[in-house]
Chemist: 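Pasting a structure here, questions to come.
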Amino acid sequence: MNTLVTILLAVLPLAAGWAMHVRWLTRCLNTARRDPLTGLRTRDGFTRRATALLKDPRAVVVLADVDKFKQINDTYGHAAGDALLKATADRLAHHVGRAGVAGRLGGDEFAAVLIDDHGTAADMLTMLHGVLARPADEKNPAVRTTVSLGWVRAADFPGDDLSALLRRADEAMYAAKQARTGTRRAGLGRLFATLAGRRAGRTGARTDAPVVGVAA
């Protein structure tokens with residue numbers, strides 16, 4: 001009995017130390033998967049959670065891009081630009097809710113996967129577009145702009161993975177930005193060919209790219 005107690009007394013500190021180390025590593029990993037400015041998941045963290053959510057047939061993939069962001073930075077400074085990005089992130093995360101996920105892909109580009117319980121994604125995203133257009137700072141109402149949204153129902157393209165769905169949402173977002181319509185749903189057509197993953201209109205994309213893929 002005394003031998004067992006001695007062994008336990010020797011092992012317990014090691015076990016406690018290992019448990020603390022595991023918790024520390026977990027905190028470090030979670031921090032690495034969070035964008036320091038907005039608190040949203042980074043691309044890696046977003047991809048992990050979004051991929052799991054796509055198993056739900058009600059999943060909707062959204063791509064959001066801040067309009068005229070460079071103009072905000074140039075006119076009001078980078079602090080104002082950061083405040084705008086933070087406000088956009090907070091509003092997007094609130095709208096998506098705990099059932100979904102939002103992430104910052106980089107710069108002024110955000111993505112989300114939301115669960116559309118009632119088939120009202122179009123109305124939800126129209127409302128979100130209005131919310132995102134509100135001033136970022138009540139003390140400086142001039143710091144504001146719109147956010148173009150492109151979206152796609154995962155169920156419309158059951159063969160697409162997250163990457164392909166984001167491309168479809170990205171193309172719809174770009175069309176919404178060009179037409180200044182605010183939001184646009186991805187059509188049931190084909191994806192455009194890209195160069196290094198960049199769709200037409202993005203830097204590095206081919207201007208003469210043929211359409212590829214199978215029409216839905």
Side-chain angles (χ1 to χ4, degrees), residues 22-23 25-35 38-66 88-129 131-132 147-176 182-194 196-199 202 211-216:
V22 169
R23 285 197 296 270
L25 287 175
T26 300
R27 285 197 299 270
C28 289
L29 184 60
N30 289 335
T31 299
R33 290 178 178 167
R34 293 283 177 176
D35 174 55
T38 65
L40 293 185
R41 295 172 189 251
T42 57
R43 185 181 291 270
D44 179 60
F46 170 78
T47 298
R48 290 171 182 268
R49 175 62 177 151
T51 299
L53 288 175
L54 290 183
K55 297 176 183 178
D56 192 319
R58 302 167 297 170
V60 171
V61 177
V62 182
L63 204 293
D65 192 87
V66 179
T88 299
D90 290 345
R91 293 163 184 173
L92 180 62
H94 177 77
H95 205 81
V96 168
R98 296 175 64 87
V101 63
R104 184 185 181 194
L105 301 186
D108 58 344
E109 188 174 71
F110 300 85
V113 174
L114 58 87
I115 302 302
D116 184 13
D117 290 315
H118 307 292
T120 57
D123 293 335
M124 292 169 60
L125 293 171
T126 297
M127 181 183 300
L128 174 61
H129 180 259
V131 170
L132 295 176
V147 177
S148 295
L149 303 171
W151 62 281
V152 58
R153 288 190 185 281
D156 288 343
F157 302 94
D160 282 7
D161 60 7
L162 176 63
S163 178
L165 291 170
L166 282 171
R167 278 184 58 196
R168 293 186 187 278
D170 185 50
E171 289 179 2
M173 181 279 296
Y174 184 68
T183 68
R184 179 164 295 192
R185 179 180 182 178
L188 300 180
R190 293 182 281 184
L191 282 170
F192 286 94
T194 60
R198 309 300 282 172
R199 51 105 173 115
R202 293 279 197 182
V211 293
V212 296
V214 180

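This chain uses plain numbering: 1 for the first residue, then up along the sequence. The figures that follow rest on heavy atoms only: side chains count, while hydrogens, waters and symmetry mates do not. Just so it is clear, the model here is predicted, and its values are computed rather than measured.
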Chemist: Which pair of non-hydrogen atoms, one from Leu92 and one from Ala111, has the smallest distance, and what is that distance?
Modeler: CD2-O, 4.2 Å
Chemist: State plainly whether the residues Arg168 and Asp156 are in salt-bridge range, i.e. N to O under 4.0 Å.
Modeler: no
Chemist: Can you tell me which residue among Leu165, Val152, Leu166 is in a side chain to side chain contact (heavy atoms under 4.5 Å, CB included) with Asp160?
Modeler: Leu165
Chemist: Looking at CZ of Phe110 and CG of Leu105, how far apart are the two atoms once the value is rounded to the nearest 0.5 Å?
Modeler: 9.0 Å
Chemist: Show your reasoning for whether side chain to side chain contact (heavy atoms under 4.5 Å, CB included) applies to Asp56 and Val113.
Modeler: CA-CA 11 Å; Asp56 192 319; Val113 174; over 6 Å; no
Chemist: Measure across Ala172 and Arg184 and return the closest heavy-atom pair with its distance rounded to 0.1 Å.
Modeler: CB-O, 3.4 Å
Chemist: For the OH atom of Tyr174 and the CG atom of Asp65, what is their distance to the nearest 0.5 Å?
Modeler: 11.0 Å
Chemist: Kindly give the heavy-atom pair with the smallest separation between Ala176 and Ser148, and that separation in Å.
Modeler: C-OG, 4.5 Å
Chemist: Check whether His95 reaches the backbone of Met124 with its side chain - one donor and one acceptor, N or O, closer than 3.5 Å.
Modeler: yes
Chemist: Is it true that Asp123 and Thr120 share a donor-acceptor pair across their side chains at a distance under 3.5 Å?
Modeler: no
Chemist: Can you measure from CZ (Arg34) to OG1 (Thr42) and round to the nearest 0.5 angstrom?
Modeler: 9.0 Å
Chemist: Any non-hydrogen side-chain atom of Val147 less than 4.5 Å from a side-chain atom of Leu149?
Modeler: yes
Chemist: Would the distance check show the side chain of Arg58 and the main-chain N or O of Asp116 forming a donor-acceptor pair, the cut-off being under 3.5 Å?
Modeler: no
Chemist: Give me the atom names and distance for the closest heavy-atom approach of Phe157 to Gly187.
Modeler: CZ-O, 3.3 Å
Chemist: Which value, rounded to the nearest 0.5 Å, describes the distance between Asp161 atom CG and Thr51 atom OG1?
Modeler: 8.0 Å
Chemist: What distance do Glu171 atom CD and Leu63 atom CG have between them, rounded to the nearest 0.5 Å?
Modeler: 10.5 Å
Chemist: Per the side chain to side chain contact (heavy atoms under 4.5 Å, CB included) rule, which among Leu114, Thr47, Leu53 passes with Val101?
Modeler: Leu53
Chemist: Between Met173 and Asp170, is any pair of side-chain heavy atoms under 4.5 Å apart?
Modeler: yes
Chemist: State the OG1-CG distance between Thr183 and Leu125, to the nearest 0.5 angstrom.
Modeler: 6.5 Å
